[in-house]
Amino acid sequence: MVPPVTVEELRQTFLRFFEAQGHRRIPSSSLIPYGDPTLLFTTAGMVQFKPYFMGLEDAPAPRLTSIQKCFRTTDVEEVGDESHLTFFEMLGNFSIGDYFKEDAIGWAWLFMTDELDIPVERLWATVYTDDNEAFELWRRLGVPAERILRYSAEQGNYWYSGEVGPCGPCSELHYDFGETPGCAECEGESCHPDVGCGRFLEVWNLVFMTYSQDENGEKLPLPTQNIDTGAGLERIAAVLQGVRTVYETDELRGVLAEAETITDRIYDPDGDPGVLAAQRRRLGS
Ligand code: GLY
């Protein structure tokens, strides 16, 4: 099987893979959530499915898959680094009271390693602090224990859809680009995704959606145990296309070229961002 390379091929490969696992394909919803006073924008694939998770409406099917256009302002300070965008697309598979951790983890692994042919040694997993079940599931798939990290909520392994609403512990997959020169943890062989040296890229978040947080911060169990996953389309495309930033994927390269023309500056992630294109031409570089 030839793995997808372009962003569009990746979209179709993802949807077809989850349809083959019994999921119904659902179109992306509006960037302005419908009938949801708790959110200004659609920030994740699960937003349009919140009434199903909360038991307020019947889902059209217990397994859903979508590619959701998202707008996020919560991490706006990160935008401009290699991987954070305000507007992006999220690949997602969802279980409304149907499958739970074992299938969510198994399919994420199968998709990454078999469908996309990403080398297993490039993938690290994280689980919520006390989630021994998720830890064991990654182990059973062959992930070595030293590449499965236990992260707390502060380290990103508890996911909230907003200040109120569905939430739950999560488990993430990170891609390892290889040691970052100058990173002490890389040199000491103790580096891991939370160090933040740029070596790792979070590519998929699997949320075990089991609670709903109310206005007082109290977590009440949802009627069913659910799965909500979010994988970064642009990030996985960067991995498949062998580039380090989402701006260099086939989807955004054209935007970058236009920005270079307008600003007369050359984009060079490793170089001096202030070098004018004209200056470069004079220098012959
Ligand atoms: N809903 C999961 C995520 O946005 O990461």
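Counting starts at 1 for both ligands and their atoms, in listed order.
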Whether the Ser29 and Gln68 side chains hold a donor-acceptor pair (N or O, under 3.5 Å, no angle test) is what I'd like checked.
yes
Any donor-acceptor N or O pair under 3.5 Å, side chains Thr65, Asn93:
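Looking only at side-chain atoms, Asn93 and Thr65 do not form any donor-acceptor pair under 3.5 Å.
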Which ligand 1 atoms does [X] reach within 4.0 Å, using its non-hydrogen atoms?
{"X": "Met90", "result": "4 (O)"}
{"X": "Val207", "result": "2 (C)"}
{"X": "Asp228", "result": "1 (N), 2 (C)"}
{"X": "Ala44", "result": "1 (N), 4 (O)"}

Among Phe17, Phe94, Trp107, which one satisfies side-chain contact (heavy atoms from CB on, under 4.5 Å) with His23?
Trp107
Using a 6.0 Å cut-off, check whether atom CD of Glu189 has over 12 heavy atoms from anything other than its own residue.
no
If hydrophobic clusters are built from ILVMFWY residues whose side chains come within less than 4.5 Å, do Leu222 and Phe49 share one?
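They do share one cluster, since a chain of ILVMFWY contacts under 4.5 Å joins Leu222 to Phe49.
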Any heavy atom of Arg72 sitting closer than 4.0 Å to ligand 1?
yes
Identity and separation of the nearest protein heavy atom to atom 5 (O) of ligand 1
Asn205 ND2, 2.9 Å
